[in-house]
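Have a look at the structure below, then the notes.
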Amino acid sequence: MDRLKALGRLLPRVAAAVAAGVLLGFAFEPHDHPWLALVAVPLFLAALNGISMKAGFLVGAGFGIAYYAVLVPWLSVIGGDAAIALAILEGLFYAFFGLFATQVLKLRLWPLWIPSLWVATEFATASVPFGGFPWGRLAWAFADLPLGRLAAYVGIPGLSFLVALVGVLLYAVLRQGTALRMRAVALGAGLVLVFGTALIQLPDDGDGQTVRAAMVQGNVPGKGLEFLGRARTVTRNHLNATLELQKRVEAGTEQKPDVVIWPENSTDIDPYKDAETKADIETAVKAVGVPILVGAVTQGPGPNERQTTGIVWDPVTGPGQRYAKRHPVPFGEYIPFREQLLPYIKRLEMVGAQTVPGVGPGVMPIRGVTYGDVICFELAYDNVISDVVKGGAQVLVVQTNNATYGGTGQPEQQFEITRMRAIETGRTVLIASTSGISGVIRPDGSVEHKSEQFVPDVYVATLKVRNGHTLATTLGGWPQWILTGLGLLGLVLALVERRRGGREQTPPPPPASGSTRAREKVPA
């Protein structure tokens, strides 16, 4: 009976946490209401305050599962069970956040420890399992708000910390028992943080050098899992779109580009081994007379293995520099525990050969300009971006293929992540997609061009070449390590305090049975 009563008292908190998770999911594309993040965080903390660790685990799980159910429903294209499994897996990280936050909220400096613990949680989701899934970071929602500009100074982890901090400060204003002075300080700090960022000017270190780049979106002959069923058609679409670009150049209606960018999977057939595919690429390259960065799937390095690559194809020397994707998608491009799972999950046979990750960043000098090539999903990984910028990339390129998820909201989410990367690095980002969204994003995160989905699109951009570094790229991974360390320190302090409090409340053990009576019977 007592357990039922306790569960009844807990259910409203779980419901509040689920509501907070749903609200946070709606902060992101395709819904795009980032201000809801500043409502979701305080509501989640209110649900966690004053409950046990076990209850915190359940409340946190409700929040996390609801959050990811709203954030990544596009995975149901693969299967509803896949979307549910991912929501539960990622939700468990927030279950542990809830478990620990119940104790951290009791500390004197909880407004510092809680957002740090949030960053530690995001770091965990971005790391494990199978390389992590860094899609649900608070920072990704803020490309259009002044607060997002701070990514150029503190990076994506630092921005997630600040977003969580604003939510924490708003909760501190409302929290019962908080001193009036604390409320005033918290409110003032939150207002300065939110509105003061509007005055921040992002650095502009362009040295006057410009380059023209053409993004080619050739489109695909279908949607969903069968989008590459006619691989030669996809390559031919990009060839034809490139030939149309050259016709416009010859007619004088378009400026000649210095480089042309084809998307990931613009050829799903190895051009090193297939004569017809190689001939299509060489036709396009010789027509435009400039290098094309081709997105190709190549065979090897081992049997039944492949790599997703970007290849610089020169009109004179042919294929040259090559970058292989470093973070292939688990269960999409490769199958963890392949031999064990394939006999039981036949759907996984559609994945085909195992994609082997590449080694080294995609730093590609092309005709005097250094490009940093990033392929699709790995855009969300901090180390991939940091490596190409520190390797000298003056322009970022994202080769992507979102045809499987077209019309589901996933391409819009990836586009917003790309915008935040532009702000963080102070670089123009060029996006080439097979079916959309392709585009050009300026270093301040503003959009110069954004294509529609499932239509051919060719756009030539003239952009500044950037050489300097933002504070965020200079600091690299330090903000994440420091903030994660602070979160773990807060957790340790909370657990020590909990253990100490438990000892103080434990009554001393009773004296040994019969010892007092024995003393009383001894004659004086």
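Computed from a predicted model, the values in this text were never measured in an experiment.
At a cut-off of 3.5 Å, with distance as the only test, a side-chain donor of N401 or T434 sits close to an acceptor on the other residue. Under 3.5 Å, the side chains of E424 and T473 contain no donor-acceptor pair of N or O atoms. One side chain, T308 or E333, offers a donor N or O that lies under 3.5 Å from an acceptor on the other. A side-chain donor-acceptor contact under 3.5 Å links E412 and Q453. Using modelled atom types and a 3.5 Å distance limit, the side chains of R427 and Q394 yield no donor-acceptor pair.
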What do the steps show when you test F331 against F130 for ring pair (Phe, Tyr, Trp, His ring centres under 6.0 Å), and what is the final call? CA-CA 10 Å; F331 302 103; F130 314 124; 5.8 Å; yes
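L105 approaches L45 most closely through the heavy-atom pair CD1-O, 4.1 Å. Listed here is the closest heavy atom pair of L71 and W135: CD2-O, 3.9 Å. Residues A101 and I114 come closest through the heavy atom pair CB-CD1, 3.9 Å.
Two rings, from F26 and H33, have their centers 6.0 Å or more apart. Centroid-to-centroid, the aromatic rings of F97 and F44 come within less than 6.0 Å.
With S160 as the partner, the side chain to side chain donor-acceptor pair (under 3.5 Å) test is satisfied by one option alone out of R137, E122, Q480: E122.
Heavy atoms from other residues, nucleotides or ligands lying under 6.0 Å from CD of E305 number more than 12.
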